[in-house]
There are 2 protein chains.
Amino acid sequence: MTKPDLLIHAAFKLFYENGIHAVGINRILQETGVAKKTLYHHFASKEALLEAVLVYRDQTFMDWLTARMMAAGEGKLAVLALFDALDDWFHDRVEVLLPFKGCFFMKANGEFSDHIVNGLCQRHKQNITAFIQANLVGQVSKLAPADLAQSISVLKEGAIAQAYVAGDLNAAKRAKAMAVALFAEE
Amino acid sequence: MTKPDLLIHAAFKLFYENGIHAVGINRILQETGVAKKTLYHHFASKEALLEAVLVYRDQTFMDWLTARMMAAGEGKLAVLALFDALDDWFHDRVEVLLPFKGCFFMKANGEFSDHIVNGLCQRHKQNITAFIQANLVGQVSKLAPADLAQSISVLKEGAIAQAYVAGDLNAAKRAKAMAVALFAEE
DNA sequence: TTAAGGGGAGACCAATCGGTCTACTCTATG
DNA sequence: CATAGAGTAGACCGATTGGTCTCCCCTTAA
């Protein structure tokens, strides 16, 4: 593993578990055994490292989620598979995402305001919603695809938040049941 | 306004907008014009001040929410009023809660791990869920009151998260529509 | 064999962190 | 009037922050 990747992985783990401002550069160096000069050779600043971490997490998460959804089929099937994937995540059955500690982008977003980080977090969420919407065209629902995608996103965000702070590990199952209702023919 | 209250209000505003670790004691003092000695006369540490801030926000939020729900009626009416209240919050129509910047407890929780703060945040969420559940006994639904309260909480958390990071200010309306479906007779 | 150069270890820097302390003022009560 | 308590200003403390720089080793090529 290259030094930059090593730093990104370690930084993500520490940021995710302890918060971004709470973790100093020296802690990351100590954890990885990398020299300070090497870090600043590859990244201009802590902020630059953080941006790389956000990009890394965005790719890892999106790759995992899209793979899970596509594997389940198309349309409604893919969307409902999202909640099964979340359930696995909450129960720490997804190694590549590390032990569940909530949504990294929610946490990162909360530590900054009017900052590049906020834009990156918002974009990550928008990408997910857009992917959901892409799987919804032509589905039976009372809602238009765009509104339906937003509602699904509300359920997704709610499940993550509820599982994290309240420790309700079944939140994904509840959210899935509500998602099913959105597709009801009536 | 007493000095402690002044400090708590200012600290909350700064923590809420910028994150907790990102705001130093000196910044709070500068903003309030209070002397450092006075702060440490009333609070043992920054952590103690933070705890007071969390208690303050918990009370403010719960008082506002319960009042809004009770004013709307009982049972299902009260629960659905929750989402109307959220909608007002998202649109900055609730002065006492300050301009909407997401859930303070979610943000605070994300900046700590294995810390008193986490317990306080979890308790705040539990209090809300318990209050919701108390309004649900005897309501018509496919779900038991406890499960129904958890599902409503998922919708509530999702609406807040979605409104905050994605900037979807209509998230409360979407969540309300899904909540209505939970009470469907079928 | 030797010279050159890139990267690693970590000493070092100014700034800031949370927190303490001294010296002084104001106000309210006995 | 005297005294006590709450307040202010801000110097000061050690620790830690993000970031720079120097020294040295180790590889590589002539």
Side-chain angles (χ1 to χ4, degrees), chain A residues 1-56 104 107-118 120, chain B residues 1-56 104 107-118 120:
Chain A
M1 191 184 269
T2 69
K3 298 287 174 183
D5 282 351
L6 185 64
L7 288 165
I8 288 172
H9 277 82
F12 168 71
K13 187 170 190 293
L14 290 169
F15 289 162
Y16 187 41
E17 288 175 1
N18 306 104
I20 293 157
H21 285 97
V23 173
I25 280 302
N26 294 314
R27 175 93 184 276
I28 298 170
L29 297 174
Q30 178 194 332
E31 209 90 3
T32 54
V34 170
K36 201 175 255 196
K37 189 172 184 192
T38 307
L39 190 160
Y40 282 100
H41 174 69
H42 294 293
F43 303 98
S45 61
K46 184 187 183 181
E47 191 176 299
L49 173 61
L50 172 58
E51 286 175 39
V53 167
L54 287 164
V55 167
Y56 156 73
F104 181 59
K107 296 167 117 172
N109 195 60
E111 292 200 44
F112 297 86
S113 65
D114 295 324
H115 191 277
I116 320 152
V117 166
N118 301 104
L120 290 173
Chain B
M1 191 183 269
T2 69
K3 298 288 173 181
D5 283 351
L6 185 64
L7 288 166
I8 289 173
H9 277 82
F12 169 72
K13 187 169 189 293
L14 290 169
F15 289 162
Y16 187 40
E17 288 176 0
N18 306 104
I20 294 157
H21 286 97
V23 173
I25 281 300
N26 293 314
R27 174 94 185 276
I28 299 170
L29 297 173
Q30 177 194 331
E31 209 88 3
T32 54
V34 170
K36 200 176 255 195
K37 180 152 192 214
T38 306
L39 190 161
Y40 282 100
H41 175 69
H42 294 293
F43 303 98
S45 61
K46 183 188 181 180
E47 191 176 298
L49 173 60
L50 172 58
E51 285 175 38
V53 167
L54 286 165
V55 167
Y56 156 73
F104 181 59
K107 295 167 116 172
N109 194 61
E111 290 200 45
F112 297 87
S113 65
D114 295 322
H115 192 277
I116 321 152
V117 165
N118 302 105
L120 290 173

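Being a predicted model, the structure only gives us computed values, none of them experimental. Order of the sequence lines fixes the chain letters, A, B, ..., with proteins taken first and strands second; residue numbering starts at 1 for each chain.
Atom P of nucleotide D:dT20 and atom CZ of A:Phe43 are separated by 15 Å, given to the nearest angstrom. One can place CG of B:Leu7 at 12 Å from C1' of D:dG7, the figure rounded to the nearest angstrom. The CD-P distance, from B:Gln30 to D:dT8, rounds to 15 Å in whole Å.
Although no hydrogens or angles enter the test, the distance criterion places no donor-acceptor pair under 3.5 Å between the side chain of A:Asn18 and the main chain of B:Ser113.
With rounding to the nearest 0.5 Å, the separation of CG in A:Asn109 from CZ in A:Phe104 is 11.0 Å. Distance CG/B:Leu39 to NZ/B:Lys46: 11.0 Å, rounded to 0.5 Å.
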Quick one: which protein N/O atoms are closer than 3.5 Å to N/O atoms of nucleotides 15-22 of chain C? Pair and distance per line, please.
unit_1, atom_1, unit_2, atom_2, d
C:dG18, OP1, B:Lys46, NZ, 2.8
C:dG18, OP2, B:Ile25, N, 2.6
C:dG19, OP2, B:Tyr40, OH, 2.8
C:dG19, OP2, B:Lys46, N, 2.6
C:dG19, O5', B:Tyr40, OH, 3.4
C:dG19, N7, B:Lys36, NZ, 2.9
C:dG19, O6, B:Lys36, NZ, 2.3

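No contact: A:His42 has no heavy atom under 4.0 Å from any strand.
In this structure the side chain of B:Leu50 reaches within 4.5 angstrom of the side chain of B:Phe112, judged on heavy atoms.
Electrostatic pairing of A:Lys107 and A:Glu111 does not count as a salt bridge here, judged by no charged N lying under 4.0 Å from a carboxylate O.
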Do any side-chain atoms of residues 1-9 of chain A form donor-acceptor pairs under 3.5 angstrom with protein atoms, and if so which ones, sequence neighbours left out?
unit_1, atom_1, unit_2, atom_2, d
A:Thr2, OG1, A:Asp5, N, 3.4
A:His9, ND1, A:Asp5, O, 2.8
A:His9, NE2, A:Tyr56, OH, 3.4

